[in-house]
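For reference, the structure is listed below as structure tokens.
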There are 2 protein chains.
Amino acid sequence: MPTIKDVAKHANVSVATVSRVLSKTGTVSEKNTQNVLEAINALNYKPNALGRYLRTAHTQTILVVVPDITNPFFSNVMKGIQTMANEQGYDVLVMDAEHAHFDSRKCFDMLEQKQVDGLIMLTSRVDRNVLLDLGKEHAIVLACEYLEGTTLPTVSIDNISAARKMTEYLLGLNYTNIAHITGPMETVLGVDRLRGFKQALQAKSVDVKSLNIQEGDFSIESGYNIMGKLLSLEDRPEAVFAANDEMAMGAVNAAKAYGLNVPGDIAVTGFDDIKMASMFTPQLTTISQPTFEIGRKSMDLLFHLLNKEVLVQSQFVLEDTLVIRESCGHLKEQPLQ
Amino acid sequence: MPTIKDVAKHANVSVATVSRVLSKTGTVSEKNTQNVLEAINALNYKPNALGRYLRTAHTQTILVVVPDITNPFFSNVMKGIQTMANEQGYDVLVMDAEHAHFDSRKCFDMLEQKQVDGLIMLTSRVDRNVLLDLGKEHAIVLACEYLEGTTLPTVSIDNISAARKMTEYLLGLNYTNIAHITGPMETVLGVDRLRGFKQALQAKSVDVKSLNIQEGDFSIESGYNIMGKLLSLEDRPEAVFAANDEMAMGAVNAAKAYGLNVPGDIAVTGFDDIKMASMFTPQLTTISQPTFEIGRKSMDLLFHLLNKEVLVQSQFVLEDTLVIRESCGHLKEQPLQ
DNA sequence: TCATAATAAGAAAACGATTACAACTATAAT
DNA sequence: ATTATAGTTGTAATCGTTTTCTTATTATGA
């Protein structure tokens with residue numbers, strides 16, 4: 001494996017000169033530039049990134065922690081991050097938090113050990129204080145899940161108002177006995193969507209029955225199981241709002257297994273608008289999040305942080321959209337594909 | 001940011017001693033060990049990974065190149081890799097090849113520049129010779145898509161026989177006019193599955209009509225569009241075998257849009273058994289791949305390579321399963337969830 | 001022609017760890 | 001007392017770059 005020294009020797013110059021032509025900084029004569037370039041070619045020299053990183057003290061790679069790589073919602077956000085990162089010459093490391101079953105110190109260490117330059121957290125299920133402290137010294141941005149009263153840069157949608165919007169839509173369809181399958185109550189996402197749900201109900205003076213609120217874990221299975229419970233309630237709900245699309249699909253399938261028709265017998269809505277939401281039968285009415293844009297914006301923010309620029313604005317809430325499809329019995333025109 | 005020197009000074013020992021207690025190698029007296037540990041704590045010292053990496057010449061991180069991070073099939077393989085990697089103390093970098101629209105030199109450079117210790121390719125749509133050459137000097141394993149006549153370690157299923165099995169199943173259901181929506185013909189995956197399809201037909205002396213073979217690109221959209229073509233054929237196929245689940249779903253939806261019932265009017269099958277295959281209506285009959293295991297095995301192989309062990313076996317083909325659900329009109333018992 | 005500025009290039013010092021080597025204990029064996 | 005041995009420790013080299021100084025050379029302008 002040739003090093004910069006070998007190149008220097010081969011080109012009859014000093015290592016400094018080689019480094020200069022490599023990084024296109026400083027001034028090197030035309031003749032030497034050519035010599036160095038030839039030597040690089042002749043030896044098939046590839047600069048060792050480690051040497052450079054140690055000296056320059058940054059790795060040009062960032063870490064993103066995602067609750068579950070398997071979840072299509074997050075892979076879209078990831079794609080946005082990835083795209084933006086590559087544009088700026090950064091590489092992206094991914095860490096799967098496995099729904100917070102991981103040791104969050106691992107990702108913090110990577111930051112502190114200079115293994116990565118920055119961090120994008122797609123989950124906030126970590127030690128709040130540690131995260132906040134770390135944010136003072138390092139480049140960290142929070143996406144999707146913001147942290148209550150945080151100083152960290154954040155990009156997400158307004159989950160409360162989105163959930164309220166969804167519930168109001170259901171109310172507008174004249175459903176009043178509405179259930180909500182929540183996300184995990186230790187996530188801001190779960191809590192906020194529940195909050196929006198309640199707000200809409202209370203605004204219409206519909207009372208919120210505690211039996212109609214059941215905690216899920218964002219998985220298809222939990223949607224299926226909880227729907228089972230809901231359906232066996234004495235006062236069976238007419239509509240159920242699931243806190244994400246996966247749970248909604250589980251719920252629909254539970255209803256089908258129960259011999260019920262969706263939306264004929266019971267309406268179901270989701271949240272996130274993952275790709276499958278429109279492929280599913282019935283097509284899911286849901287909240288569409290600008291996933292790619294969330295990713296892009298997060299990386300953009302991180303990039304500013306990395307460059308020590310002062311952020312004029314650090315909290316970004318992006319637009320979500322209620323997309324109405326079939327699962328609530330109100331079919332708007334929509335191409336099937 | 002404290003360095004090892006600061007710790008040494010604080011603990012009144014040499015940097016060598018600090019390094020020794022850090023890496024638990026060599027012998028250090030009980031007293032000094034304690035002093036060093038205290039100093040580390042007092043200064044909140046985190047060893048700089050870059051320094052270590054440069055010296056030890058490896059980064060403990062591997063790179064995996066995936067055709068499309070958004071595809072659930074690959075995220076499951078990724079999960080297997082990730083799990084195994086973490087067990088062995090490796091980190092995982094992900095690069096999205098965007099269906100080979102990326103510059104493959106980028107991932108090769110990372111290997112050559114020592115940015116990563118090893119490479120797992122989930123796609124082989126790269127320059128064959130470059131890849132093979134690189135494999136002589138570096139740790140590389142190919143997963144999912146093997147390379148014809150390669151010397152590189154490989155783990156995948158036998159796509160030809162799996163596709164044959166699927167086609168035979170269709171034939172067994174007495175369909176004879178069967179179409180195949182292929183994957184991209186520049187992927188081994190696409191070619192192999194087509195090959196298996198043809199083999200099954202030829203074995204039964206059913207002639208393969210060229211109009212019944214249409215090239216897709218693994219996307220839902222292409223499945224939808226191609227199905228449109230297929231349905232307007234004078235001699236409309238009774239069954240269509242799509243080379244992956246996404247295209248199968250697109251095909252089903254096209255049929256629905258056409259006013260056709262699946263499987264009543266036309267049978268459709270997929271390949272891969274992604275999570276949604278069983279959530280979809282009708283539930284997809286498909287080929288199930290041991291995704292997690294493919295990931296695990298690949299990482300295991302890579303790990304051996306990294307340790308310079310000689311591989312007794314380097315080509316692994318894992319078991320696939322035909323999972324029969326609803327989409328071909330032959331419903332076996334299967335829990336709905 | 002001389003002072004000044006600009007350009008080119010090398011020597012050597014970082015960066016922060018690991019580790020080979022040597023040196024110095026203390027203890028045990030002779 | 002002397003030697004051998006094992007256990008500790010420190011010094012300094014090393015990994016492969018980048019970058020700060022210096023110095024030498026050439027070009028520019030008065």
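Just so we're on the same page: letters track the sequence lines, and every chain starts at 1. Predicted model, so just to flag it, every value in this text is computed and none were measured. Computed from heavy atoms alone, side chains included, the values below leave out hydrogens, waters and symmetry copies.
- In terms of heavy-atom proximity, A:Val188 sits nearest to A:Ser124 at CG2-OG, 3.7 Å.
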Please list, for nucleotides 7-9 of chain D, all pairs of protein and nucleotide N/O atoms separated by less than 3.5 Å.
unit_1 : atom_1 : unit_2  : atom_2 : d
D:dT9  : OP1    : B:Ser29 : OG     : 2.9
D:dT9  : OP1    : B:Asn32 : ND2    : 2.6
D:dT9  : OP2    : B:Ser29 : N      : 2.7
D:dT9  : OP2    : B:Ser29 : OG     : 3.1
D:dT9  : OP2    : B:Asn32 : ND2    : 3.4

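- A pairwise comparison of heavy atoms in B:Ile157 and B:Pro290 identifies CG2-CD, 3.8 Å as the closest pair.
- Counting only heavy atoms from C-beta outward, the side chains of B:Tyr53 and A:Gln115 approach each other to under 4.5 Å.
- Rounded to an integer number of Å, the gap from B:Leu22 CG to C:dG16 P is 15 Å.
- Note that SG of B:Cys144 and CG of B:Leu122 are 4.5 Å apart. Values are rounded to the nearest 0.5 Å.
- Rounded to whole Å, atom C1' of C:dT18 lies 15 Å from atom CD of A:Gln113.
- Every residue two or more places apart in sequence or in another chain that forms a salt bridge (Lys or Arg N to Asp or Glu O under 4.0 Å) with A:Lys297 is listed here: A:Asp300.
- Put simply, CG on B:Leu54 is 12 Å from P on C:dA17, counting in whole angstrom units.
- Look at CE on A:Met1: it is 16 Å from C1' on D:dT17, rounded to the nearest Å.
- Between the P atom of C:dA12 and the NZ atom of A:Lys5 lies a distance of 13 Å, rounded to the nearest Å.
- Counted within 6.0 Å of CZ on A:Arg128, heavy atoms from surrounding residues, nucleotides or ligands total more than 12; the atom is thus considered enclosed.
- Over its length, the helix from C:dT1-D:dA30 to C:dT30-D:dA1 turns its helix axis by 50°, as judged from the five terminal pairs at each end, rounded to 10°.
- Counting distance only, with no hydrogens placed and no angle test, the side-chain atoms of B:Arg55 and the base atoms of D:dT14 include a donor-acceptor pair under 3.5 Å.
- Computed from coordinates, the A:Gln115 CD to C:dA17 C1' distance equals 14 Å when rounded to whole Å.
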Please step through salt bridge (charged side-chain N to carboxylate O under 4.0 Å, His left out) for the pair A:Lys79 and B:Asp68, ending with a clear verdict.
CA-CA 9 Å; A:Lys79 199 142 193 158; B:Asp68 178 17; 2.7 Å; yes
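- Straight-line distance from the CG atom of A:Leu50 to the P atom of D:dT18: 12 Å, rounded to whole Å.
- In terms of phosphate contacts, B:Tyr53 brings no side-chain nitrogen or oxygen within less than 4.0 Å of OP1 or OP2 of D:dT17.
- Rounding to the nearest 0.5 Å places OH of A:Tyr146 at 13.5 Å from CG of A:Leu152.
- When every heavy atom of A:Ile294 is checked against every heavy atom of A:Ser298, the shortest pair comes out as O-OG, 2.5 Å.
- The side chain of B:Ala16 approaches D:dG10 more closely than any other nucleotide in the set D:dG10, C:dA13, C:dA17.
- Residue A:Glu112 contributes atom CD, which lies 16 Å from atom C1' of C:dG16 at whole-angstrom precision.
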